[in-house]
Amino acid sequence: MAKTYTPEFRKMIVRLHEEEGRTCKNIAAEYGVSKASIINWCSESRENRRSKVQAETTYIPIKENLQLKQENEELRNENASLKQYGDILCRGNRLKAYQFIDQHHQEFGTRWLLRRMGIYLNAYYHYRRNWKPGYRTHKPKGQAQI
């Protein structure tokens with residue numbers, strides 16, 4: 001009748017052989033295990049380690065691929081927005097930049113646009129709170145009267 005050994009016992013025998021460098025013959029004599037069993041357990045342990053390493057190496061590229069896809073999508077959005085507000089940035093017109101953000105904040109996100117344009121968050125919200133469209137149209141008339 002074949003003896004069955006616990007997985008902990010097998011791991012201990014494999015550790016004795018591989019890590020401590022004890023011979024199969026020595027371990028077999030000390031623990032009453034056949035030499036063939038020790039060799040089989042050691043080869044199974046090596047195969048398990050190889051399969052774990054292969055699984056990890058295949059998992060890493062998948063994770064990197066997802067990160068690269070996200071980065072690529074972000075760069076595409078940035079490229080599209082740069083094309084749209086490139087003219088605004090060249091002129092340095094803050095009012096146009098604020099208007100652009102008002103128009104496209106749903107598409108790109110307000111904070112993202114502010115970060116890309118180099119505009120402080122409090123400056124933009126100050127504009128939103130105090131900007132009156134009628135004031136801009138009446139200002140030239142008032143200056144002409146003066």
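These figures come from a predicted structure and were not determined experimentally. Note that the numbering runs from 1 along the sequence shown for the chain. Just so you know, these numbers use all the heavy atoms, side chains as well, and skip hydrogens, waters and symmetry mates.
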Which heavy atom of I38 sits nearest a heavy atom of A28, and at what distance?
CD1-N, 3.7 Å
Only pairs under 3.5 Å count here: list side-chain donor-acceptor contacts from residues 7-15, not counting sequence neighbours, and write none if there are none.
| from | atom 1 | to | atom 2 | distance (Å) |
| --- | --- | --- | --- | --- |
| R15 | NH1 | E20 | OE2 | 3.0 |

H126 side chain to N130 side chain, donor-acceptor N/O pair below 3.5 angstrom:
yes
What is the distance from atom OG of S34 to atom CG of N40, rounded to the nearest 0.5 Å?
8.0 Å
Run the salt bridge (charged side-chain N to carboxylate O under 4.0 Å, His left out) check on R49 and E44 step by step: do they pass?
CA-CA 9 Å; R49 282 193 301 258; E44 286 175 10; over 6 Å; no
If hydrophobic residues (ILVMFWY) are linked whenever their side-chain heavy atoms come closer than 4.5 Å, directly or via other members, who joins L66 in its cluster?
none
Interatomic spacing from CZ in R129 to CG in N122 - rounded to 0.5 Å:
10.0 Å
Got a sec, which residues hit salt bridge (Lys or Arg N to Asp or Glu O under 4.0 Å) with E30, two or more places apart in sequence or on another chain?
R22
Contact between L16 and N26 at the side-chain level, heavy atoms closer than 4.5 Å - yes or no?
no
Can you give me the closest heavy-atom contact between H17 and T23, atom names plus distance?
ND1-C, 4.2 Å
Look up atom CD in E64 and atom CD in Q67, then write down how far apart they are to the nearest 0.5 Å.
7.0 Å
E47: which residues meet the salt bridge (Lys or Arg N to Asp or Glu O under 4.0 Å) condition with it, sequence neighbours left out?
R50
In this structure, CG of L113 is separated from CD1 of I119 (nearest 0.5 Å) by 9.0 Å
List for me each residue that meets salt bridge (Lys or Arg N to Asp or Glu O under 4.0 Å) alongside R115, sequence neighbours excluded, and say none if there are none.
none
I need the minimum non-hydrogen distance between R111 and L121, along with the two atoms involved.
NH1-CD2, 3.4 Å
Determine the minimum heavy-atom distance between S37 and V33, stating which atoms define it.
CB-CG1, 3.8 Å
Out of curiosity, L114 CG to I101 CD1, how far, rounded to the nearest 0.5 Å?
4.0 Å
Quick one: side chain to side chain donor-acceptor pair (under 3.5 Å) partners of D102, sequence neighbours excluded?
Y124, Y127
